[in-house]
Structure formats: C-alpha cells, structure tokens
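Counting from 1, the numbers follow the sequence of the chain as shown. FYI, side chains are in, hydrogens and waters are out, and symmetry mates aren't considered; it's all heavy atoms of this structure. Remember, predicted model here, so these are calculated numbers, not experimental data.
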Amino acid sequence: MSAETEEARSDRKQTGPPAPVGFFDPSLNEVRKRVFYQYARTVFILCVFVLGVLSIFWGSQFTTEAKYPNLHVWVVDFDGQVEPYLTNDTVVGPAVINVTKEYESSSSLHLGYHFKSAADFNYDPWAVRQAVYDEHAYAAVIINPNATSLLRAAMTTNNKTYDPTGALQTIIISARDEGTYYNYILPDLTILQSLILSSFGPQWTSSLLSTNTNLSTIPPQTINPAIGFTNIDLRPFTPAVAAPAVSIGLIYLIIISFFNFPFLMPVHAQFIKPEGHPPLKIPHWLLWRVLSSITAYFFLSLFYSLVSLAFQIPFSNSPAPDTVSANNPNAYGHGSFVVFWMLNWVGMTALGIPCENMAMVLGFPWSSFFLIFWVITNVATGFYPLDLASTFYRWGYAWPLHRIVEALRTILFGTHSRIGLDFGVLFIWIAVSLAFFPVATLIMRWKMKRGL
C-alpha cells in the first residue's frame, strides 16, 4: 500500500504543472519571442492610434487664429439715412466706419468686419438684429439713424438727459456658442469699441473748439464721451448649469450608449445558447437586439435628461421674438422638456448603434479604439466652431454630436432653429447603422466560431 502511494505521488508530480522558472530560462525562448513581438506590435498600434486620433482633436484648433476673419461681424451705418433724420451732414457714422476700416486693415489679429449698406436691410435696424439671430453673422455694429442728429440736438437744446449709448449698438447672440463669443468675439468687439470712442472724442472736441462753441454751456456728456455703445445679447448663455447639457455632459451620452452593449450582450446571448431550450431564430434575435437597444436608450436618455431638470435648467419658459433680448426663451414652451428628452433619445440611438456595430466587428479590447475615435471626432466637431477649423473638418456638420448641440441650443435658449435638419441627420445615422447591424452580427458570429 505504501509503495502504491509513492507511485501515485510520483505520477502526480510528473503530470502536474511545471515548476516556475526564471525570465531568461532557455525553455521560455519561444514564449519570450512571441510575447516581445505581440507587446511591440500592440504598443506600436496604440502609439499610431494616439498620434492619429488625437491629431484630429488638436487639428480642429490649429487654424483658429488664421480663421478669425471667418467670424463675420457686420458694420451697418444708418446714420442720417432714415426718416425723420435724413441728412448728408453726419459725423458719427463716418467716424465709426473709418476707425473700423483702419482696424480691419491692420496687421493685428481681428474678426472679419464687413461693411453693409443700410439699403441691404431696407433701412431697418431691426432687420440687422434678425440677420444676427438667423446666424448670417456672428455680431453686428449698428450706427443708429439718429446718432448725429440726437448729439447735435442735445447740444443746441441743452438736453441734460442725453444718453450717449443711444448712438451705437452691438448685437450678439452668445447662446449660439458661448465659448466662441467669450473667447474671441467679445474681446475683439471691446477693442474696437475702445478704438472708436478714443478716436471720436478728440475729433469731436476739436471740431467744437474750431467753431468757437462755449463748452461750458452744453451738457458734459455731449463732449465726453459724446457717443457710446448699447450692447445687446439677443440670447444670453444662462444659467451656468446649462453648460453640461450642451457640452461636456454629452460626452457621457456617448459613453453610456457605448456601454449598453457589454452590459446587455450576455443577456441577449441566452436566446441563442441551446441550454435546455431551442435557440431563437437569428432574424428574430436580431429584431429583439434592435428593439431592446432602442428601448434601453429610451429609458437611459430619460434619466440623463432628468439630471438637467433636477438642477433647474429652465424648460417651461415661453418663446420670445427673435429680435428681442431674452433669457432662456424655451423654443417649445412647456413642452420643451419632452422635446429635449426625445432629442437625447434619438441622439443616444444615433451615437449608440454605431458603437454596438463596431463592438461586434472589432471585439474587445479593440472596440475601445472606436469609442475613443467616436468621442474625439464628435467633440472636435460638436463643441468647437467649425468656422474656425480648416475645411478638412466640414464633415463635422454631418456628425451626430454637432446636430445634437445645435438642436439643444434651440430648445434651451431659443436660438435660430434648424431642428428639422438636426433630427433628420440623426435619423439617417440610425437608418444606416441599422442597415449594417445584421452584417456586424454575422461578423461577430463568424469570429466566435473560429475563436477569434
């Protein structure tokens, strides 16, 4: 009995796992070569991927300074051109135009200033506001029709209530893209305003002295500053808590839609594993996969949207006229939250189904590459103005996140609406992704059968 036990122990030693050896043991020569090759190949692929994909993101900002003139600002002179202020003897309009032309022709970094005729707007300053709201220009500088007339009248009638800011207007719509306005447009407009005021003051005072005007007998504000600006933001970007809903928060919309696949795939797989039951027909399984994913996005997008509601982003304000400044005039009144939710649902589906397709085609961990690519390309074209990017990025207008951001700003801030186009592009993404879905499933099953 003792001998048999000793034999059994000897057999177990021979058939058990081999004893560990050192890293440079000769028996690991082939394994080391294989590991070194696979390690070097994987790191090389990762490096190339990082270089290529991150270059897309960095590249979207590379031409920003060179593209400043693409941020169009219209300068429109109505001074003395509208009844009852018709006159050829104006001083405010020509002074503003001259300073702006000098600034526009200077070598300093500046926006693209374009001089428009009052006739282009049927001599109606409100039409300029409408054009800015409709996003034909990023901003406008308006010289009011009565700019010179009111200044001179205030002097002759000793009008102590004269307000210099009634001479000029700057029109913006910061909710269109708060980053672009706060970082580029408003700073440049501030420079231009300073140049205009610092130039006009000495010229105006000199002209008064040359006509022997007794400066002590006229209201001081008609001398300095004499003219000023009324700054009008048609749709201010407010409140600050709205920022995640139209920017960084949308990254999580992509990530949530991506992780729908790995969490639910084991659940779906139970239908096709013949474990105590016949497998489900493939067409029926595909239909289940599609419908269950869209249903999951329905509820996920609801709870994603409820976060914005919980933190009191306005969703029940009434719409406002296009040319009147208003805070958070929700485009659809009390129904705005429902539209917001539906947009997030359609957007999550448009972002998520391509993720599911690529997860099936690439498998793990390579599908993570697609997630990174998907996030970077959508962020680069959704969060940053394409007018400041090179023409290479024009494909961004068709990318899902760009359309989602644009539609969200319409819902939350009442900006110029292209919501029909926005939803249309998202539906096209969904349709194309669903058409590829059976192909991606077949590729996944083919790889599984071959152990790939």
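At least one side-chain heavy atom of P354 sits less than 4.5 Å from a side-chain heavy atom of S433. Residues I404 and V246 form no side-chain contact, since every pair of their non-hydrogen atoms from C-beta on lies 4.5 Å or further apart. At least one side-chain heavy atom of F383 sits under 4.5 Å from a side-chain heavy atom of L401.
The aromatic rings of H402 and Y397 sit perpendicular to each other, their planes meeting at more than 60°, with 30° as the lower class boundary. In this pair, F369 and W366 present their aromatic rings perpendicular. The plane angle is above 60°, beyond the 30 to 60° band. A parallel orientation is assigned to the rings of W74 and H136, their planes being inclined by less than 30° (bins at 30° and 60°).
E406 meets the salt bridge (charged side-chain N to carboxylate O under 4.0 Å, His left out) test with R403, R418; sequence neighbours excluded. Residues meeting the salt bridge (charged side-chain N to carboxylate O under 4.0 Å, His left out) test with E178, sequence neighbours left out: R409.
Atom CD in Q193 sits 9.0 Å away from atom CG in L186 (nearest 0.5 Å). With values rounded to the nearest 0.5 angstrom, I191 atom CD1 is found 10.5 Å from H110 atom NE2. With rounding to the nearest 0.5 angstrom, the CG atom of L189 is 13.5 Å from the OH atom of Y138.
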Please lay out, stage by stage, how W374 and M358 fare under the test side chain to side chain contact (heavy atoms under 4.5 Å, CB included). CA-CA 11 Å; W374 200 224; M358 297 311 295; over 6 Å; no
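Annotation: cation-pi geometry not satisfied between K116 and F121 (NZ/CZ under 6.0 angstrom from ring centroid, within 45° of ring axis).
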